[in-house]
Amino acid sequence: MVRPTLPTSHLVMASALLLVSAVQPGQTQQQALDQGLHSLFVASGKLFFGTAIDTNNFDDTAYQTIATNKNEFGLYVPENSQKWGPIEPTQGQFRFANPDSVEAQAQNNDQIFRCHALAWHSQLPSFIANGTWTRPLLIAALQSHITIVMTHYKSRCYSWDVVNEALNDNGTLRDSVFLRVLGTDYLPLSFAAAAAADPSAKLYYNDFNLETIPAKADGAVRLVKLIQAAGVRIDGIGFQAHLTVGGTPSQAKLAATLNRFVALGLEVTLSELDIAHNKLPASARAVEQQAKDYVTAVGACLSVPKCVGITVWQFTDKYSWIPSTFPGKGDACLFTANFTKKPAYTAVARCIDSGGCASGDDVAI
Ligand SMILES: *[C@@H]1O[C@H](CO)[C@@H](O)[C@H](O)[C@H]1NC(C)=O
Ligand SMILES: *[C@@H]1O[C@H](CO)[C@@H](O)[C@H](O)[C@H]1NC(C)=O
Ligand SMILES: *[C@@H]1O[C@H](CO)[C@@H](O)[C@H](O)[C@H]1NC(C)=O
């Protein structure tokens, strides 16, 4: 356990926080911290602490021991298998087997199922990305995809990421086949098809860098207002929260950004949380900073009542998407590649257990 030297005032604050710890009679502090992140988060009034997972991880027993512990992770989202390319590779031919297996494992373990993602410019099948589309034909293909996939999982997804990553970092709408052929209409069209297909699923817009780039958050506010002005339902914003060590905004700033969307009548979630080191191997100081940054992110969600929960984008460095996408970066998860808990894990458990994470800097790790 890394324990930085803290000024006395901070130590007083840390021990004051421990007084409100959810330690049960006969339970030590360590046992309280070992009860699992989902259990701790639920005790704090949140719906879930979850993880991305997919079928290619299922034959790893060490991984599965943690993934199937519902006290640790109370929600699954399929990392890849529900995306348009994998689930409808050929027009009208659907492959539900993999995401069905993820859902079955969630059901077996009494875990919530979050669903991801319907209209997205990336990981598209060739027939969509490289098709020659007229407006009516693309509307039909989009509506049909959303309707068939959502109907397959009807009433069984807590939420759907209906539109994913539609914005550039400067807040303008990103170029895609959908924007080129349908203009901004593809946004309300997608949400309207989703609302009709499954009235019980929360309908989300999901994107990255909303946490760190105000112009992009401005763009997301415009996007929400555009959908609402069309009289179409949107329920939530997924802040992907793919953050970097040392590049995580303060808890107050992050909470303020989440609250911009709460003010529009929406719930929010950190939907794909991981915090990557920019340089590997990470120094001891960077490992400590990562723990503080995780506490900052989790604390921001705790401080916003309409932040319903957090999902990490894999819980172990063994299966993180980051090294292959951003070579040289990584070690972004709460567990090492060999499944030991990092200081970030312990710091997050401690901050949830203490009933709040004042800010990353105030929590002993
Ligand atoms: C679309 O076509 C281009 C050029 O042939 C190719 O590089 C790309 O992979 C195709 N996209 C998809 C999603 O198949
Ligand atoms: C916003 O970013 C996109 C993508 O990088 C770029 O094509 C576009 O020109 C930018 N627009 C403005 C107004 O800066
Ligand atoms: C697990 O990995 C860490 C570094 O990631 C290493 O220090 C430790 O020795 C490993 N433990 C085992 C049991 O392999």
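Just so you know, these numbers use all the heavy atoms, side chains as well, and skip hydrogens, waters and symmetry mates. Just follow the structure's listing: the first ligand is 1, and inside any ligand the first atom is 1.
- In this structure, the side chains of V77 and I53 stay at 4.5 Å or more apart for every pair of heavy atoms.
- For a heavy-atom separation below 4.0 Å, the residues in contact with ligand 1 are L124, S126, A129, N130.
- Set against the non-hydrogen atoms of N170, the atoms of ligand 2 under 4.0 Å away are 1 (C), 2 (O), 3 (C), 8 (C), 10 (C), 11 (N), 12 (C), 14 (O).
- Under 4.0 Å is where a charged nitrogen must lie from a carboxylate oxygen, and between D218 and K216 no such pair does.
- Every disulfide (SG to SG under 2.5 Å) that C157 has, sequence neighbours left out, goes to C115.
- Of the options K306, K46, K202, a salt bridge (charged side-chain N to carboxylate O under 4.0 Å, His left out) to E267 is made by K202 and by none of the others.
- Ligand 2 places these atoms under 4.0 Å from at least one heavy atom of T172: 1 (C).
- Checked options F191, W120, W133, F178; the residue passing with Y186 is F178 (criterion: ring pair (Phe, Tyr, Trp, His ring centres under 6.0 Å)).
- Ring-plane geometry between Y204 and Y158 is classed as tilted, the angle between the planes lying from 30 to 60 degrees on a 0 to 90 degree scale.
- Looking only at side-chain heavy atoms (C-beta outward), V308 and F48 come within less than 4.5 Å of each other.
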